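Take a look at the structure below.
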Amino acid sequence: MNNMIDLLPYLPQQAQIQKRERRQKYFSGIANLIESVVTLCIGAGFFLMLLAFFSTMA
């Protein structure tokens with residue numbers, strides 16, 4: 001059984017499904033990257049506001 005070739009990825013239906021899955025994975029990766037950048041910016045903004053608040057108190 002080790003010498004058998006898996007032909008399922010070459011069937012038209014499977015090729016469309018794999019293409020759709022790759023596209024979804026690509027866009028979810030981009031969405032995760034954007035979400036991480038936005039979260040980092042919000043955190044940095046909060047830190048800067050906190051720093052400005054404490055600097056005016058001193």
Side-chain angles (χ1 to χ4, degrees):
M1 289 304 237
N2 290 336
N3 296 329
M4 291 185 67
I5 298 173
D6 185 22
L7 296 176
L8 284 178
Y10 301 106
L11 295 174
Q13 301 89 0
Q14 293 294 332
Q16 289 175 355
I17 291 172
Q18 287 179 348
K19 189 176 187 182
R20 189 178 324 131
E21 287 175 355
R22 267 187 272 132
R23 189 179 310 135
Q24 286 176 349
K25 187 183 286 188
Y26 175 74
F27 285 124
S28 69
I30 290 175
N32 288 338
L33 179 68
I34 291 171
E35 185 177 335
S36 297
V37 169
V38 168
T39 303
L40 183 64
C41 290
I42 290 172
F46 178 75
F47 179 72
L48 288 175
M49 291 296 175
L50 194 63
L51 186 67
F53 175 73
F54 284 131
S55 67
T56 57
M57 297 295 283

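Fair warning: this is a prediction, and the values are worked out from it, not measured in the lab.
The other members of the hydrophobic cluster of I42, by chain and number, are Y26, F27, I30, I34, V38 (side-chain heavy atoms under 4.5 Å, ILVMFWY only). Taking a 4.5 Å side-chain heavy-atom cut-off between Ile, Leu, Val, Met, Phe, Trp and Tyr, the cluster of L33 contains only that residue.
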Listing, residues 44-58 side-chain donor-acceptor contacts under 3.5 Å, not counting sequence neighbours, or none:
unit_1, atom_1, unit_2, atom_2, d
S55, OG, L51, O, 3.3
S55, OG, A52, O, 2.8
T56, OG1, A52, O, 3.3
T56, OG1, F53, O, 2.7

